There are 2 protein chains.
Amino acid sequence: MENLLDKKQSIIESALELVHANGFHGCPVSQVAKNAGVAAGTIYTYFENKEDLIVGIYDYVAEKITSYIAERDDDSLEFENRFFNYWRNFTEFYEQHPAIHGFYDQFLNSPFNSEKVQNRPNMWHEWAHMFFQSGMDEGAIRATNPVILSILVNTNITSTVRIKKNFKTKLAKTNVNLDEISQLIWAGIKTA
Amino acid sequence: MENLLDKKQSIIESALELVHANGFHGCPVSQVAKNAGVAAGTIYTYFENKEDLIVGIYDYVAEKITSYIAERDDDSLEFENRFFNYWRNFTEFYEQHPAIHGFYDQFLNSPFNSEKVQNRPNMWHEWAHMFFQSGMDEGAIRATNPVILSILVNTNITSTVRIKKNFKTKLAKTNVNLDEISQLIWAGIKTA
DNA sequence: CCATTATGATTGAACGTTCATTCAGTCAAT
DNA sequence: ATTGACTGAATGAACGTTCAATCATAATGG
């Protein structure tokens, strides 16, 4: 732990893992501190209070998602390809970071994700907004509110990853090709 | 409040509203009791502990959904019609019972919905399972694990209702016809 | 038909625990 | 010597849960 950023990050990652494992109930500040290797009081150097910490996880996570997806987007491709890349990369990211997927899944519909939080400028929302807007400008997808469009697409990605996670070992054969879901959604949003 | 069932129900409904309004954090037993018009101790006549109460809400809600949907299903129709009825009725139900929608949205991805809870016999899951199975038996939809199919369909219904709820007043015009989402999903699951 | 007893739901103050938060003192770096 | 991060025991509020006391109702007996 060389510097301040590392310490803040290790607090966030400790909290992230705890929320993923035990939900919002199961991440007392004392535990977050212990797993992060700092004292409880130290957390209050970096965050005003616990709610601020939870929102801090969200910002951290949103930033990670944005850079992962944005780096892998190639806007010289036609939008259809960009869409399927988006889907695949997002899925890949979630599967490589199950704690982030678990946190996001719980956070989005929780009261922590308040109107106030949603109304702050948000890198990830802006990027996704721009992404789908460019699909419309190109005439590849139907004119639609890009905010709603991204919610819809992301909901299905999150849900698909959750199903894969839960059913990986439980059901031997599902006969459903979950990857087809991206095609299903694409068929629904592309221009007729 | 004539009898015991009414009292249990009023406790559940009080808790349901509180979870919807404030999340799982914001529903202390003391408040649940106050809003239900009973003493805190009384709750423990009907539920072992708070977790049992939360699961009790889930069972209550699942029962309501099942009866609403099942009553309105007409299995003499061909499956495509039954599917769109299912979608419309579910949406209708959620919009008439926003607290149930809000609770479900939070409960499903929460640690309260543990493996143990999921593995209990569940009227609603069984009904949905049977519903989609009959669509397959009829040859109307592709062979698919009906459990996964219902998760996927229900996720999109829940999400659509959430979008309608959140964006009703915020955005004047969305240009997206959210009702088309049912057609989109149908196109994806029906036999080619 | 009333008086007495038994039953079991209901109450809400009290209890013990847990938690977020604070802060006086310590430590490390410059 | 100064600064500012860091510590972790202390604090007090909030919470889930308990239980002795109360109450309403039903059952019993004269």
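Keep in mind that this is a model prediction, so the values were computed, not measured. Numbers restart at 1 for each chain; the letters A, B, ... are given by sequence-line order, proteins then strands.
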What integer distance in Å separates [X]:[atom1] from [N]:[atom2]?
{"X": "A/Asp52", "N": "C/dA20", "atom1": "CG", "atom2": "P", "result": "14 Å"}
{"X": "A/Ile54", "N": "C/dT21", "atom1": "CD1", "atom2": "P", "result": "11 Å"}
{"X": "A/Asp6", "N": "D/dC6", "atom1": "CG", "atom2": "C1'", "result": "16 Å"}
{"X": "B/Gln31", "N": "D/dA13", "atom1": "CD", "atom2": "P", "result": "18 Å"}
{"X": "B/Asn49", "N": "C/dT17", "atom1": "CG", "atom2": "P", "result": "18 Å"}
{"X": "A/Leu53", "N": "C/dT21", "atom1": "CG", "atom2": "C1'", "result": "13 Å"}
{"X": "B/His25", "N": "C/dT18", "atom1": "NE2", "atom2": "P", "result": "18 Å"}
{"X": "B/Phe24", "N": "C/dC19", "atom1": "CZ", "atom2": "P", "result": "18 Å"}

OP1 or OP2 of [N] sitting under 4.0 Å from any side-chain N/O of [X]?
{"X": "A/Tyr46", "N": "D/dA5", "result": "no"}
{"X": "B/Thr42", "N": "C/dT11", "result": "yes"}
{"X": "A/Lys7", "N": "D/dC6", "result": "yes"}

Output yes when B/Arg142 and A/Glu180 qualify as a salt bridge under the 4.0 Å nitrogen-oxygen rule, no when they do not.
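Counted as a salt bridge, because a side-chain N and a carboxylate O are separated by less than 4.0 Å.
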Please tell me which of the listed nucleotides, [options], lies nearest to the side chain of [X]?
{"X": "B/Lys50", "options": "C/dT21, D/dT17, C/dT11", "answer": "D/dT17"}
{"X": "A/Val29", "options": "D/dG16, C/dT21, C/dT11", "answer": "C/dT21"}
{"X": "B/Tyr44", "options": "D/dT7, C/dT21, D/dT18", "answer": "D/dT18"}

Is the number of heavy atoms from other residues, nucleotides or ligands within 6.0 Å of CD (A/Glu80) greater than 12?
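Above 12, so yes.
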Answer yes or no: are there more than 12 heavy-atom neighbours, outside B/Glu48 itself, under 6.0 Å from its atom CD?
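Atom CD in B/Glu48 is not crowded, with 12 or fewer foreign heavy atoms closer than 6.0 Å.
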Taking the six-membered ring of B/Tyr86, is the NZ or CZ of B/Arg88 close enough (under 6.0 Å from the centre) and on axis enough (within 45°)?
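No, a cation-pi geometry is absent between B/Arg88 and B/Tyr86.
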For B/Tyr68, does the six-membered ring have the charged nitrogen or CZ of B/Arg72 within the cation-pi criterion, i.e. under 6.0 angstrom from the centroid and within 45° of the normal?
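Yes, B/Arg72 lies over the aromatic ring of B/Tyr68.
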